[in-house]
Participant: 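Before we start, here is the structure in question, set down as structure tokens.
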Amino acid sequence: MFGFLINPSKFNKFADIILKPLILLCSVILIAGLILVYLSPLDYQQGLTVKIMYIHVPSAWLALLTYSIMTIYSVIGIAFKMPFSFIVNKAVAPIGAVFTLICLISGSLWGKPIWGTWWVWDARLTSVAILLLIYLIIIFLDKTFENKEVREKTTAIFILIGSVNLPIIKFSVDWWNTLHQPASVSKLSSPSIDISMLQPLLVMTIAFSLIGLIIAILRIKAEILIRKNR
Amino acid sequence: MLLINNLSFFRDDNIIFENLNLSLGNGQITQIRGKNGSGKTTFLKVILNILSSNTGEIIWEGQNVKKNIFKFYNEITYIADHNTSSRELSILDNIKFWKGLSSSNLSDDKIFSLLETFNLKKYLNTEIMYLSSGEVKKLELLRIVLEQKKIWVLDEPYNHLDDSSAEILNQTFVDHTNNNGIILFASHYNPLISKLEILDFN
Amino acid sequence: MLLINNLSFFRDDNIIFENLNLSLGNGQITQIRGKNGSGKTTFLKVILNILSSNTGEIIWEGQNVKKNIFKFYNEITYIADHNTSSRELSILDNIKFWKGLSSSNLSDDKIFSLLETFNLKKYLNTEIMYLSSGEVKKLELLRIVLEQKKIWVLDEPYNHLDDSSAEILNQTFVDHTNNNGIILFASHYNPLISKLEILDFN
Amino acid sequence: MFFIKKIFLFFKRELKLFFRNIVSIFSNILFFFLSIFIFVFALGADEQNLKSIGLGIIWSLLVLSSTLSLRKFYEEDFNNGVLVIIHMRGISYELIVFLKILSHFLFVQVPFLISIPVASLLFNLPIYEVYNLIFTFIIGSLILSCLSSMSASMNLLNKANFSIGGIIVLLFSVPVIIFSVGINEVDSDFKSLINILIGMALIFLGISPWASAAFIKLALRNK
Amino acid sequence: MFFIKKIFLFFKRELKLFFRNIVSIFSNILFFFLSIFIFVFALGADEQNLKSIGLGIIWSLLVLSSTLSLRKFYEEDFNNGVLVIIHMRGISYELIVFLKILSHFLFVQVPFLISIPVASLLFNLPIYEVYNLIFTFIIGSLILSCLSSMSASMNLLNKANFSIGGIIVLLFSVPVIIFSVGINEVDSDFKSLINILIGMALIFLGISPWASAAFIKLALRNK
Ligand code: HEM
Ligand SMILES: Nc1ncnc2c1ncn2[C@@H]1O[C@H](COP(=O)(O)OP(=O)(O)OP(=O)(O)O)[C@@H](O)[C@H]1O
Ligand SMILES: Nc1ncnc2c1ncn2[C@@H]1O[C@H](COP(=O)(O)OP(=O)(O)OP(=O)(O)O)[C@@H](O)[C@H]1O
Ligand SMILES: [Mg+2]
Ligand SMILES: [Mg+2]
């Protein structure tokens, strides 16, 4: 049933079915999300700048999610020698890099009015910056080796080692005292955020994920095609 | 007895050579000839397991060499077609290094007399980078005698050599085959060795 | 007409060669032969003013070459005994570089047909480091045709070449002498060229 | 017996080659002091300030200078075939890598040790910090040698992009630096941090010969 | 006309050799950023400190990258004889050196420039300091390229005493850096310092082609 997650041809079939509805759904949700963001209340302290949140937080979450997916596929790829997982890794890495970049830029833009500085060297911010570097290195690694086998294995191992960074990002706000907001939405028990802000945030998150998913599907399909023709 | 069975090597999808069979008995000397780029160097490297073959096997004394590669290496001297001595060390340093590595028990006197015949003795403490091309090559060739192995694999050994050195090399080859050694070399030169067998690569 | 008068060269206090006289007229081809380390390569470098002689002078068209070295260089192609193309660039990149530097007006078609005769055309976009030793040498030799100069100075041009390439090289030499070119090369090989003059360095 | 002699010979060769290149060692050390001066000038010589960052400067310069010597690690011996010749004389690639790491440590990193006391003087570091520094430095630079070996062997396989090796060394040295510098923080637990460092060094010493040897073998295959 | 084409070709070759592909350009920049990270980790992220350290970090990375590329300067082209071949095609050694300095400046130092604005952001440098930095950086790195050329050509001579000479040449970069960093001190006279820097750059640009060419010729004679 979930064969499309590991088998190229099944994936292609599944993608062909799902792609168009997905695009439709994504546009609807994105428009809804933007309307909700527009309608959402202004913060009494931060004013308009609070709306950066609706870009910042989804892209931050997706940056982490993308890397987690790559980690899982790397384990599968190394353990079961599944070529499809390397295809996914290659296709998905730039998407994650872009999300990380958006998170960094939006965070910086947000930080200037709130903290009075573009950048501080605290644990959260630094570890996200390192995540961006790791993403870039993964992309570069894929372009440096001529030998395909070496390229894929090295990249996968590197992704695995780099995944150490994920918990550091996630828990940095708890482990070290930093300027950055501690988890308020993604707390397991009860989100400590007003419902009027939570709604657009969640919708935007879904919209972002769908955009990422669509691009990923297209990139994976392209990669499969390239490999077939070689 | 070195047996080569059905050996093939591809580089990416190019066939360099295919289904090659060859047997090298004791006392046999074989020259590989062929056009530039026909795969002579590659063939030698495959035999030495520096490159690994796509099909086929190499058998030394009844055993596939991959089983115990160091046992095989322990019988072999390989002279590449380029300089492998350290350019920044002197002749003496290089010789000492090789000699130690191959656990050879050639006496120092013997080594000096070898250097003498090759006209290299006066450069004993000269760095390789200050030698002429032929002198470098002769130093490189010294390894075949120094390491005292049974199988000699050489790539273009006659390049850069003057006539008298080539003569000495021929003589060394003949002596080695008389002692039951095995010699395989690739070259475009036609040496005057009576027992020479030719493997054509064109 | 290239005149070499009374040329000597010492390295520290060693005499490499002394009081050498030589005249190379148009259409003349000269081979330098001699033992390893006898100073052939050094001699070629002195003629090219890469090393400067201790005594004597080199005269080209009635003028000491040191007077206007670039005028002299503009008539010369020098092929060294080692690879001088950039190992990390492709054949095409190297050829473009040389061609541009020598302001040669050889047509691209001609270059491609040259590459074709040397069996190199299929490696046009391959980096030099992936070529076989003979292929590298042939690429290097391409410069003599590419640069369209009158005087060719070559060091061990026959090394690494297979028989048919050596044949082509011979033919190129003969053509060049028929066009009044001047050729001077050092080699241990005996090419079959009828007009060949020998300069013995032993 | 013969085997030990071979290893000894290997070191002797490395040592000789090292002395041929002694200039580059000197220029590394020179670079080191130069950078220290730069920092002092950039910061203005506020004594208290200097004291607190002295350690950091020394460490980061150490890391950067290891990326300096990356290309020297295997490239030459690989290109002219010496690695193969040594291997054919009965030394496995894993051992070659191990020996190379050791000799890199001995001949590239250790000379730095000499400059540490002088540098510490410049920063007025208290004596116990200097001890800590030298101690962590020895372990940390061993880790760096392992990392360099891996990146350098990786570079053999890749003919186009040489900085990637250096980048990877830098990335992995981040935790090493954090731990090494952390040791001198007032409230840190010296012993457990040292243990972590030693653990890392052992892990890397275990992994890197295999990883590097695998890369070298692959590179030979594609040569 | 032909001559300009030759110069153009020379640059094209250098460019190709330096950046075999686009990835290596980016990874060089990535390398610089990671080095900045290393410094910050090692130094500890005290905000006030960092602001004043930023300058020092950027400058010492510049010096590092010059010493890094010292061996790449002439060694390869010298050893395989390309320098002679180029010379024989009508380009004097002085001009070759000049072109090499320019291409070192363009391909090694300038990519740094791109990272300066972002790096300044990370250190929260005030905007006028960033301008100063970029300005002094351009001049300073040109001087460093000249100095590197001289010491690289001295190293070709392969004789111990000359190699030490190469290091001494690098020592000259001390005053350059002192001036460059000093420009950002509050009480310094910007204009006269810049003039001194420009003066130094012109002097070195004038001297180094002759000096380097002389060393190269000497080295060729002993080759
Ligand atoms: C460049 C600077 C910044 C970076 C790299 C960054 C990074 C991140 C990351 C990675 C997350 C996801 C964390 C998780 O899932 O637990 C996150 C969440 C968040 N960030 Fe930022 N951030 C930056 C600046 C800011 C600023 C200036 C603010 C506003 C004061 C801010 C407010 C938030 C909030 C409210 C969340 C949601 C927390 C939650 O409920 O989980 N961030 N940020
Ligand atoms: N750079 C150098 N420094 C010192 N001595 C050198 C240098 N190059 C060559 N020699 C010595 O000068 C002598 C002549 O060398 P040269 O290269 O001219 O010989 P050759 O006739 O070309 O020999 P071959 O046939 O081996 O190429 C040799 O004895 C050599 O050792
Ligand atoms: N590292 C490499 N990568 C890719 N192709 C290579 C590599 N080395 C050699 N080749 C190619 O493999 C073929 C065989 O090369 P090889 O060196 O074995 O030829 P050879 O017979 O020794 O030639 P020569 O007489 O010129 O020495 C050539 O076409 C060459 O271009
Ligand atoms: Mg060959
Ligand atoms: Mg010679």
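Proteins get letters first, then strands, A, B, ... in listed order; numbering begins at 1 in each.
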Participant: With a 4.5 angstrom heavy-atom cut-off, which part of B/K137 approaches chain C: side chain, backbone, both or neither?
Facilitator: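 Nothing of B/K137, per the 4.5 Å heavy-atom cut-off to chain C.
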Participant: Counting only heavy atoms from other residues, nucleotides and ligands, does the tally under 6.0 Å from NZ of B/K35 exceed 12?
Facilitator: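 No, the 6.0 Å shell around NZ holds no more than 12 heavy atoms from other groups.
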Participant: What is the minimum heavy-atom distance between B/G37 and C/S132, and which atoms define it?
Facilitator: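 Heavy atoms of B/G37 and C/S132 come nearest at N-OG, 3.5 Å.
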Participant: So which atom in C/D162 and which in B/G34 form the shortest heavy-atom distance, rounded to 0.1 Å?
Facilitator: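 Looks like CB-O, 4.1 Å.
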Participant: Measure the spacing between NE2 of C/H160 and CG of B/N36 and express it to the nearest 0.5 Å.
Facilitator: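 It is 9.5 Å, given to the nearest 0.5 Å.
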Participant: For B/R11, which atoms come within 4.5 Å of any heavy atom of chain C: side chain, backbone, both, or neither?
Facilitator: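 Interface part for B/R11: neither.
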Participant: By a 4.5 Å heavy-atom criterion (distance strictly below it), what part of C/K40 contacts chain B: side chain, backbone, both, or neither?
Facilitator: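 No part of it gets close to chain B.
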Participant: Report, as yes or no, whether the 6.0 Å neighbourhood of atom CD1 on B/I198 holds more than 12 heavy atoms from other residues, nucleotides or ligands.
Facilitator: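 Counting neighbours around CD1 of B/I198, more than 12 heavy atoms of other residues, nucleotides or ligands fall under 6.0 Å, so yes.
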Participant: Evaluate whether atom NZ of B/K67 has more than 12 neighbouring non-hydrogen atoms of other residues, nucleotides or ligands under 6.0 angstrom away.
Facilitator: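 No, not enclosed.
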Participant: Output the option from C/L131, C/L161, C/D163, C/T42 having the highest count of non-hydrogen pairs under 4.5 Å with chain B.
Facilitator: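 Looking at each option in turn, the highest pair count goes to C/L161.
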Participant: Decide if atom NZ of B/K110 counts as having more than 12 heavy atoms of other residues, nucleotides or ligands within a radius under 6.0 Å.
Facilitator: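 Check fails, neighbour count at 12 or below.
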Participant: So which part of B/N119 gets closer than 4.5 Å to some heavy atom of chain C, the side chain, the backbone, both or neither?
Facilitator: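 Side chain only.
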